[in-house]
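The block underneath contains the structure these notes are about, expressed in structure tokens.
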Amino acid sequence: MDETAPSPSESMASLSVSSPPQPSSSQMSLEEKFTIVRSIGEECIQEDELLNLLEKKPQPICYDGFEPSGRMHIAQGVMKTINVNKLTSAGCKVKIWIADWFAQLNNKMGGDLKKIQVVGQYLIEIWKAVGMNLEGGQVEFLWSSEEINSRAHEYWPLVMDIARRNKLPRILRCCQIMGRSEQDELTAAQIFYPCMQCADIFFLKADICQLGMDQRKVNVLAREYCDDIKRKNKPIILSHHMLPGLQQGQEKMSKSDPTSSIFMEDEEAEVNLKIKKAYCPPKVIEGNPCLEYIKYIVLPWFNEFKIERNPENGGEKIYKNFEELAVDYEGGELHPGDLKPALAKSLNRILQPVRDHFKNDTNAKELLKRVKSYKVTK
């Protein structure tokens, strides 16, 4: 970091955010906890292990990690906040691994660690502003460079053992976790990356790997490693849904294409324009990004989705669940021309506290200015 910027761990100390009171996990039944935790995952490996974990361990450890690689889009900002708040409400401890070294290995920000760490601080400011429940120490931010250096004697033998037990083709199949494919020309650092990410799971003593579906392969690698070393307790994989880009056929949001996603500090007019131009064919549910935004962001956030229309066009309607909305949309009762403005309005309500924070907080404003000045590298 430069001389004036606080170290990554120093900037953790001042984090606090006000959020609505959560029901105490001690008052929840096992079934209630399981339902909340399981609801995060599009896939769970394995459900019986998850139920057993929640029954036996009062505070399971969930691991989630991210590369500080540029501005934050709404899936990383809002969906992650929803998921983390669900986990902590069910009594879990969430360790968020700020993978600064990994971003350097993957050549993000041109491999400049100082820039990568500035981006990491900016991302934390966003979660703080949008309402991630950071009270009570149930969420812990850990910088990979600091943690690995402080416990190198634990970390590197683990990485080496994982590397020693796996053939190169098996590791190459995990390259998807870096946004790469097996056909890409990879550096030696990028081949080393999956072995390190697999080691992270054990290094952080994670009971649950709570990452996106795109990270599934390395989490499976960790379970296979448990078989190799005859370890009974395997990490449970809880892979969340990947929000698509806003244009037709974009399976995943792209930071390099600004029209493909809403960024967390986008202005109201930008959000309105992006949603207006988004792919949203009438009567089509499958592959419709606007409907995905409603299903995975708006409904979980507000527990409803409100359509405002003139009485002659059907009048105001409030949807409490996605199934009800899907029926109306598929049947033509709900038109994209009414859905899009309502979606933009809901998203702007979620993002307004983030905009306010980056406008009014001097440190946050400076971080954003620096992040926007950096050239994003792939």
Side-chain angles (χ1 to χ4, degrees), residues 1 5-13 15 53 57 59-69 92-109 111-117 119-121 124 137-168 170-172 174-175 177-178 186-211 215 217-237:
M1 308 290 304
S7 78
S9 54
E10 280 169 1
S11 58
M12 299 295 114
L15 291 186
L53 171 72
K57 192 166 182 179
Q59 193 181 48
I61 293 171
C62 305
Y63 143 76
D64 189 357
F66 66 94
E67 279 185 13
S69 59
C92 298
K93 183 179 178 79
V94 181
K95 292 185 177 182
I96 298 183
W97 190 235
I98 309 171
D100 51 355
W101 262 9
F102 291 77
Q104 188 177 33
L105 282 174
N106 204 9
N107 198 38
K108 297 298 169 70
M109 297 292 138
D112 185 328
L113 193 62
K114 287 180 181 178
K115 287 182 178 176
I116 289 165
Q117 289 179 340
V119 175
Q121 291 178 349
I124 292 161
Q138 278 181 281
V139 178
E140 193 176 5
F141 291 101
L142 300 165
W143 295 79
S144 67
S145 55
E146 290 184 0
E147 294 299 313
I148 291 168
N149 278 333
S150 67
R151 289 160 54 205
H153 61 290
E154 286 177 50
Y155 189 78
W156 294 113
L158 193 53
V159 175
M160 288 162 66
D161 195 47
I162 290 163
R164 193 173 60 81
R165 291 173 186 270
N166 284 284
K167 302 283 188 291
L168 191 55
R170 177 70 187 90
I171 297 302
L172 285 172
C174 291
C175 290
I177 65 173
M178 298 177 282
L186 300 170
T187 64
Q190 286 165 331
I191 290 167
F192 206 48
Y193 186 120
C195 299
M196 289 174 64
Q197 186 169 326
C198 183
D200 293 345
I201 295 163
F202 303 101
F203 184 65
L204 295 170
K205 299 180 169 51
D207 300 303
I208 298 171
C209 301
Q210 201 281 289
L211 297 102
Q215 304 294 304
K217 287 182 178 176
V218 80
N219 294 331
V220 171
L221 182 72
R223 287 179 65 90
E224 290 172 0
Y225 177 66
C226 291
D227 291 331
D228 290 342
I229 61 170
K230 308 286 188 286
R231 172 178 158 147
K232 192 174 165 226
N233 286 339
K234 297 179 182 179
I236 294 153
I237 306 172

Item to complete: Using a 4.5 Å cut-off on heavy atoms from C-beta on, say whether the side chain of Q121 contacts that of W143.
Response: yes
Worksheet item: If you take all heavy atoms of K205 and E154, which pair is closest and at what distance?
Response: NZ-OE1, 4.3 Å
Worksheet item: Is there a side-chain contact (heavy atoms from CB on, under 4.5 Å) between Q210 and V94 once you walk through the steps?
Response: CA-CA 9 Å; Q210 201 281 289; V94 181; over 6 Å; no
Worksheet item: Which atom names give the shortest non-hydrogen contact between G120 and I98, and what distance separates them?
Response: CA-CG2, 4.3 Å
Worksheet item: Could you state the interatomic distance from CZ (R151) to CG (L158), rounded to the nearest 0.5 Å?
Response: 10.0 Å
Response to the item:
So CG of L221 and SG of C195: to nearest 0.5 Å the spacing works out to 7.5 Å
Worksheet item: How far does CG of D100 sit from CE of M109, to the nearest 0.5 angstrom?
Response: 13.0 Å
Practice prompt. Before giving the answer on side-chain contact (heavy atoms from CB on, under 4.5 Å), spell out for M196 and L105 the whole-Å C-alpha distance, their side-chain angles and the decisive distance to 0.1 Å.
Written response: CA-CA 11 Å; M196 289 174 64; L105 282 174; 3.5 Å; yes
Item to complete: Answer yes or no: is there a side-chain heavy-atom contact under 4.5 Å between D207 and I236?
Response: no
Discussion item. Does any part of the side chain of D227, heavy atoms only, come nearer than 4.5 Å to the side chain of K234, both counted from C-beta?
Written reply: yes
Discussion item. Is any side-chain heavy atom of Y63 closer than 4.5 Å to one of L142?
Written reply: no
Worksheet item: Hey, does C209 have a side-chain heavy atom less than 4.5 Å from the side chain of Q215?
Response: no
Practice prompt. Check whether any side-chain heavy atom of I171 sits under 4.5 Å from a side-chain heavy atom of Y193, and report yes or no.
Written response: no
Worksheet item: Going by distance alone, is a donor N or O of one side chain under 3.5 Å from an acceptor N or O of the other, for Y155 and D200?
Response: yes
Fill in: Given V220, V159, I162, N166, the one that forms side-chain contact (heavy atoms from CB on, under 4.5 Å) with C198
I162
Response to the item:
For I116 and G111 the tightest heavy-atom approach is CD1-C, 4.3 Å
Practice prompt. Kindly compute the distance separating NZ (K115) from CD (Q104), expressed to the nearest 0.5 Å.
Written response: 12.5 Å
Item to complete: Indicate the atoms forming the closest heavy-atom contact of F202 with A222, along with that distance.
Response: CZ-O, 3.4 Å
Item to complete: Could you walk me through whether Q197 and C174 pass side-chain contact (heavy atoms from CB on, under 4.5 Å), step by step?
Response: CA-CA 10 Å; Q197 186 169 326; C174 291; over 6 Å; no
Discussion item. As an exercise, state the distance from CD1 of I201 to CG of N219, rounded to the nearest 0.5 Å.
Written reply: 4.5 Å
Fill in: Distance, nearest 0.5 Å, that separates CG of D64 from NZ of K95
13.5 Å
Worksheet item: Are T187 and F192 side-chain neighbours, meaning at least one heavy-atom pair lies under 4.5 Å?
Response: no
Worksheet entry | Closest non-hydrogen atom pair, C92 against Q138 | O-NE2, 3.2 Å
Worksheet item: Backbone N or O of K108 within a donor-acceptor pair of the S69 side chain at under 3.5 Å?
Response: no
Response to the item:
Note: D228 and R165 closest approach over all heavy atoms is O-NH1, 3.6 Å
Worksheet entry | Minimum side-chain heavy-atom gap Y225-D161 below 4.5 Å | yes
Worksheet entry | Worked check of side-chain contact (heavy atoms from CB on, under 4.5 Å) between F141 and V139 | CA-CA 7 Å; F141 291 101; V139 178; 4.3 Å; yes
